[in-house]
Amino acid sequence: MSSRAAAKTKPTDQQADRPARLLAWYDRHRRKLPWRAVAGERADPYCVWLSEIMLQQTTVRAVGPYFEKFVARWPDVTALGRAALDDVLRMWAGLGYYSRARNLHACAVAVLNDHGGVFPNTEDGLRALPGIGPYTAAAIAAIAFDRRTMPVDGNIERVVTRLYAIEAALPQAKPLIQEMAATLLGPSRAGDSAQALMDLGATICTPKKPACALCPLNDDCAARVRGDQETFPRKAPKKSGALRRGAAFVVTRGGELLVRSRPEKGLLGGMTEVPGSQWLAGQEDAAALAQAPELKGVARWHRKAGIVSHVFTHFPLELMVYTASVPPRTRAPEGMRWVPVATLDGEAFPNVMRKVIAHGLDL
DNA sequence: AATTCGTGGCG
DNA sequence: TCGCCAAGAAT
């Protein structure tokens, strides 16, 4: 009822009126997303949590199919908490940032064991769970439990730094942005306020070429007045990582492929890979890396023409691919195993490994 | 506090 | 093409 009244209120005080204008815009233009409740209804905490974890540094488009798959297989936190970690990793394969999958499972187990299968309904309670940081705790508290708090993600950072023309650079400016973002909270509907800012950032206040003419806050946007919207938020320059090179071995035994699991910590933690060399920077002759002690028994290798290129967040990678075919009943080296090529889709391969295998097997 | 975590799409 | 960016967290 408050939103209806606010929509008809004359914006005499622009500053004070922002929360209401934001919600009025949201009520007309909110995106329909799989994890979002029908307008006016409270969202399911499990769906909010699952989507928020998946959406960390990941686009709505990429998350969509994964969210649907997860909810279909594990409809509630209890089901997910009882699932095998390997199954969760396999379902997560391809989405990236794999520690999220590990923490997702750990969080479900914690909710099940320590909270009776019910999510904590406070920001602090949520913040204590694995994989839930400051943003996600605030987002779930606001969206699923209507707590009056403002989560600040990349979208909201952009909207707020433009609205107030905040000159301080990220990440140092985070506390200030958090403070200013909170001014956009009205007396109620905190979750909708947050989602409104996210939708605004995603559809109107975009990084490039923002559609300011359509923005409900354009009247008093400081950056727009100055005409340099696109320069916000200010960011400290980030250094790009050096190219690394390595070799990967695609070894087949009939219709089977030789694989192993990566260590649980670190890059691609816990995911499946084909054996390979280390990935090193400043390696002039990548062929020198094509020595794998465990695979010395293989009679003849074939250097596959071409290179598999991949770009991680902090470094680009080039892999040479070597293939070999070994006789039936050849034992897998220590720590490795054979998996049927026919079921590779169900394995926990990160995308870089899917590229390698596709290259080596001519898939 | 600065790094380390994937992947895909976009201009 | 290639750097930027996406509902950040853990260390």
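Every chain is numbered from 1 and lettered A, B, ... according to where its sequence line falls, protein lines coming before strand lines. The basis for the numbers below is simple: all heavy atoms, side chains too, and nothing from hydrogens, waters or symmetry mates.
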Report which part of the nucleic acid [X] touches: base, sugar-phosphate, or nothing (heavy-atom distance under 4.0 Å, all strands).
X: A:P134; value: sugar-phosphate
X: A:G266; value: sugar-phosphate
X: A:L33; value: base
X: A:L268; value: sugar-phosphate
X: A:I132; value: sugar-phosphate
X: A:S51; value: nothing
X: A:S99; value: nothing
X: A:P130; value: sugar-phosphate

If only side-chain N and O atoms of A:H314 are considered, is one of them under 4.0 Å from the OP1 or OP2 phosphate oxygen of B:dT4?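 A:H314 to B:dT4 OP1/OP2: no side-chain N or O under 4.0 Å.
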Distance below 4.0 Å between A:N103 side-chain N/O and C:dA9 OP1 or OP2: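 No, outside the criterion.
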Output field: ring centroids A:Y46/A:W74 closer than 6.0 Å: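 No - the distance between ring centres of A:Y46 and A:W74 does not fall below the 6.0 Å cut-off.
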Verify whether the ring centers belonging to A:F70 and A:F67 lie closer than 6.0 Å.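 Centroid separation for A:F70 and A:F67: 6.0 Å or greater.
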Side chain of [X] (C-beta onward), nearest among [options]:
X: A:M198; options: B:dT7, C:dA7, C:dG8; result: C:dA7
X: A:V352; options: C:dA7, B:dT7, C:dA6; result: B:dT7
X: A:T136; options: B:dT7, C:dA6, C:dA9; result: C:dA9
X: A:Q172; options: B:dG6, C:dA7, B:dA2; result: B:dA2
X: A:E52; options: C:dA10, C:dC5, C:dA7; result: C:dA7
X: A:T313; options: C:dA7, C:dA9, B:dT7; result: B:dT7
X: A:T59; options: C:dA6, C:dG8, C:dT11; result: C:dA6
X: A:R127; options: C:dA10, B:dT7, C:dA7; result: C:dA10
X: A:Q56; options: B:dG6, C:dC5, C:dA9; result: C:dA9

Would you kindly check whether a donor in the side chain of [X] faces an acceptor in the base of [N], or vice versa, at under 3.5 angstrom?
X: A:R158; N: C:dA7; answer: no
X: A:Y97; N: B:dG6; answer: yes
X: A:S240; N: C:dG3; answer: no

Between A:R90 and A:D87, is the closest basic N to carboxylate O distance under 4.0 Å?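 Yes, charged N to carboxylate O under 4.0 Å.
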Closest-nucleotide mapping onto DNA chain B: is A:G96 or A:K209 further toward the 5' terminus? I mean the 5' end.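 Upstream on the strand: A:G96.
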Identified side chain to side chain contact (heavy atoms under 4.5 Å, CB included) partner of A:W35 from the options A:V63, A:L50, A:V71, A:I143: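 So the option named by the test is A:V63.
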Please say which of A:D114, A:L129, A:I132, A:I140 ends up in a side chain to side chain contact (heavy atoms under 4.5 Å, CB included) with A:P120.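 Going through the options one by one, the only one that passes is A:L129.
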Could you state the CD-P distance from A:Q57 to C:dA7, rounded to the nearest angstrom?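 That distance rounds to 9 Å.
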Going by salt bridge (charged side-chain N to carboxylate O under 4.0 Å, His left out), A:E157 matches just one of A:R162, A:K174, A:K235. Which one?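 One option only clears the test, and that one is A:K174.
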